[in-house]
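Reviewing the structure listed below.
Residue numbering restarts at 1 for every chain, and letters A, B, ... go by the order of the sequence lines. Every value quoted in this text rests on a predicted model; they were computed, and no experiment measured them.
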There are 2 protein chains.
Amino acid sequence: MPATHTQSRFSSKLSSQCQNCSLSALCLPIALADEDINRLDQIIERKRPLKKGEVLFHQGQPFNSVFAVRTGTLKTFNITSSGEEQITGFYCPSELVGLSGIDDNTYPISAKALETTTVCEIPFSHLENLSSQIPSLKHQVFKVMSRKIGDDQQMMVLLGKKNADEKVASFLLNLSNRFKKRGYSATSFRLSMSRGEVGNYLGLAVETVSRVITRFQKNELIQVDGKEISIIDLPEMQKLVGVAPDCGKIAQF
Amino acid sequence: MPATHTQSRFSSKLSSQCQNCSLSALCLPIALADEDINRLDQIIERKRPLKKGEVLFHQGQPFNSVFAVRTGTLKTFNITSSGEEQITGFYCPSELVGLSGIDDNTYPISAKALETTTVCEIPFSHLENLSSQIPSLKHQVFKVMSRKIGDDQQMMVLLGKKNADEKVASFLLNLSNRFKKRGYSATSFRLSMSRGEVGNYLGLAVETVSRVITRFQKNELIQVDGKEISIIDLPEMQKLVGVAPDCGKIAQF
DNA sequence: ATAAAACCTTGATCCAAGTCATAAGAACAA
DNA sequence: TTGTTCTTATGACTTGGATCAAGGTTTTAT
């Protein structure tokens, strides 16, 4: 974990926090009136931290809440009919998990902490009620869901069309962008997931992930020390992924 | 196109139609009061049919509306940095296209008709307003988006983990389920997309799709005549995909 | 501190699916 | 109708990444 990324003092009481939270501009980036922020605040429950490996919710459990990651990282996955885990996403601070549960009131995936992780629980029925009263909040929820749909479609492109190098490069650049958005270094960060989990997510064998990373390092695209990654040649990495330098979003994930 | 699936008389006036539409239970399956259905009706514009190959909206265009397919089929795709088309979805009657445009008010994909296709245009800002007044409508929109997220995640599993046989079988069973839901035959239908488009969508070469389909036919899993497909051995196909016969949804798409 | 378990790397081998090539239908336009 | 283009099928060949195997390193638990 980057040193800058301190375990935020997890205040025991449900005091108004969204206003102070450094993530508020990302998690539900709304220009809400103070009064409305307080109303939002009141429906949010800040939970005790999850330890590494702890499960936030299980596939099949009744859906009640979506969760915003405050610190740490989660993975979501489901168990296939043949019993293997299939990772469907990684979630960093400010990102919302559980949206796919709305459809039939059941989580279709499980969510597990990759490291010590704190989340805000947002009971969805309350969010829905509140969103009727605050149009900009409703719009925000639509936006977040819409973005998720768009992102997942980019992920489908990645899985269907890209080779191992492009997959790994896309993955690293995607993480880089997510760190950057939260004010951390875009070029130097720590992977909270194992190579195996990266491979599982990208549709690659562990060995392939390992080899690609080694090769990237040899070619001086990145610098690797265990889980610490530094991107050295960002332009070259972007070229690999097929990003025109000006159009940050397209074709990256 | 199945003979049962007549080109619905496309009434030129914006008269109330949702009530009569055979798809209403699927497209936004709500138990709305009559009065509310009328309000929904009034914001919906029924457009002239699109001919095969016509584009409904272009990647990059400003987002204004989502569209419900009434008859025919659409594909959505984006153009990658290397200039090739990447298909991200096929849309059958009752299905909603364009939800990924909400996020930044721009369609991140294009939508094109695979055959003569009619759609209902739903201006999103109106839908949003109306949804503030009709909570069950708002909930329905959340549900539709949530389902899309879940479905796309299943698609990611398919692309990342499945082999060619499993991909094609999943694709055919998925179509089968969608036809069935609308009251058509689950075992006998017509593909409105080419083998090339199927391959593009599934991350396979045309030749592979062709070979798999030929092999399925040889093994008497399906019966093929050009674009007409009959599923002969449904249980075997389901086994191939890894569906427990009782849990229709999981692991299928 | 030490053992056990999980994770990462690298090499050797293999195979599923991609690519290339060809040819025969289908769909379409003039 | 006839040519042109698109689509599908099938064979021969190639290859990227999976799998198998083994050894080293890091993390976790006691």
Side-chain angles (χ1 to χ4, degrees), chain A residues 1 51-54 75 82 84-87 112-116 158-172 190-219 222-229 240, chain B residues 1 51-54 75 82 84-87 112-116 158-172 190-219 222-229 240:
Chain A
M1 208 184 314
K51 278 181 296 200
K52 177 172 180 172
E54 270 190 281
K75 68 174 172 184
S82 46
E84 359 153 49
E85 174 173 313
Q86 165 61 47
I87 297 174
K112 185 182 271 193
L114 293 180
E115 56 191 318
T116 304
L158 175 137
L159 288 169
K161 287 278 183 301
K162 297 192 177 182
N163 64 27
D165 282 16
E166 293 167 337
K167 285 181 178 181
V168 174
S170 297
F171 179 72
L172 294 176
R190 184 171 195 288
L191 300 180
S192 46
M193 63 295 287
S194 71
R195 305 282 194 272
E197 287 167 325
V198 174
N200 182 307
Y201 179 59
L202 296 177
L204 296 173
V206 201
E207 295 94 327
T208 304
V209 174
S210 186
R211 278 186 255 265
V212 170
I213 288 182
T214 303
R215 184 147 28 81
F216 280 179
Q217 187 169 24
K218 238 173 234 151
N219 298 343
I222 62 177
Q223 165 80 50
V224 183
D225 175 20
K227 307 214 150 186
E228 296 292 339
I229 302 279
L240 199 53
Chain B
M1 209 184 315
K51 277 181 297 198
K52 177 172 178 169
E54 269 190 281
K75 68 174 172 185
S82 46
E84 359 153 48
E85 174 173 313
Q86 165 62 47
I87 297 174
K112 185 182 270 194
L114 293 180
E115 56 192 316
T116 304
L158 175 137
L159 288 169
K161 286 279 182 302
K162 297 193 176 182
N163 64 26
D165 283 16
E166 293 167 336
K167 285 180 178 180
V168 174
S170 297
F171 179 72
L172 293 176
R190 185 171 195 288
L191 300 179
S192 46
M193 63 294 288
S194 71
R195 305 283 194 270
E197 286 167 326
V198 174
N200 183 307
Y201 178 59
L202 296 177
L204 295 173
V206 201
E207 296 93 325
T208 303
V209 175
S210 187
R211 278 187 256 264
V212 170
I213 288 181
T214 302
R215 183 147 30 79
F216 280 179
Q217 188 169 25
K218 239 173 234 153
N219 298 344
I222 61 176
Q223 164 80 48
V224 183
D225 175 20
K227 308 213 150 190
E228 295 292 338
I229 302 278
L240 200 52

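Gly203(B) comes within 4.0 angstrom of the backbone, heavy atoms only, and of no base.
Between dT28(D) and Lys52(A), a contact under 4.0 Å exists linking OP1 or OP2 to a side-chain N or O.
The CZ-P distance, from Arg215(B) to dA16(C), rounds to 10 Å in whole Å. The interatomic distance linking Glu228(B) (CD) with dT8(D) (P) rounds to 13 Å, in whole Å. In this structure, Asn200(B) atom CG and dT8(D) atom P are separated by 13 Å, rounded to whole Å. The CG atom of Leu202(B) sits 10 Å away from the P atom of dG18(C) (whole-angstrom rounding). Distance Lys51(A) NZ to dT27(D) C1': 17 Å, rounded to the nearest Å. Remark: C1' of dA17(C) and NZ of Lys162(A) are 20 Å apart, rounded to the nearest angstrom. Rounded to whole Å, atom P of dG17(D) lies 7 Å from atom CG of Asp165(A). A straight line from CG of Asp225(B) to P of dT8(D) spans 13 Å, rounded to a whole angstrom.
For the atom pair CG of Leu158(B) and CG of Leu159(A), the computed distance is 10.0 Å after rounding to the nearest 0.5 Å.
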Look for any protein N or O under 3.5 Å of an N or O in nucleotides 8-10 of chain C and output each such pair with its distance, or none.
{"unit_1": "dC8(C)", "atom_1": "OP1", "unit_2": "Arg195(A)", "atom_2": "N", "d": "3.4"}
{"unit_1": "dC8(C)", "atom_1": "OP2", "unit_2": "Arg195(A)", "atom_2": "N", "d": "2.9"}
{"unit_1": "dT9(C)", "atom_1": "OP2", "unit_2": "Arg195(A)", "atom_2": "NE", "d": "3.0"}
{"unit_1": "dT9(C)", "atom_1": "OP2", "unit_2": "Ser210(A)", "atom_2": "OG", "d": "2.8"}
{"unit_1": "dT9(C)", "atom_1": "O5'", "unit_2": "Ser210(A)", "atom_2": "OG", "d": "3.2"}
{"unit_1": "dT10(C)", "atom_1": "OP2", "unit_2": "Thr214(A)", "atom_2": "OG1", "d": "2.8"}

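A side-chain contact (heavy atoms from CB on, under 4.5 Å) with Lys167(B) is found for one member of Leu204(B), Val209(B), Thr208(B) and no other, namely Leu204(B).
Among all heavy-atom pairs drawn from Ile87(A) and Asn200(A), the shortest one is N-OD1, 2.8 Å. The shortest heavy-atom contact between Lys161(B) and Glu166(B) is O-OE1, 4.3 Å. Residues Asp165(B) and Phe216(B) approach most closely at O-CZ, 3.5 Å, considering heavy atoms.
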Task: Lys75(A) and Glu197(A): CA distance, side-chain angles, deciding distance, salt bridge (Lys or Arg N to Asp or Glu O under 4.0 Å) verdict - done: CA-CA 9 Å; Lys75(A) 68 174 172 184; Glu197(A) 287 167 325; 2.8 Å; yes
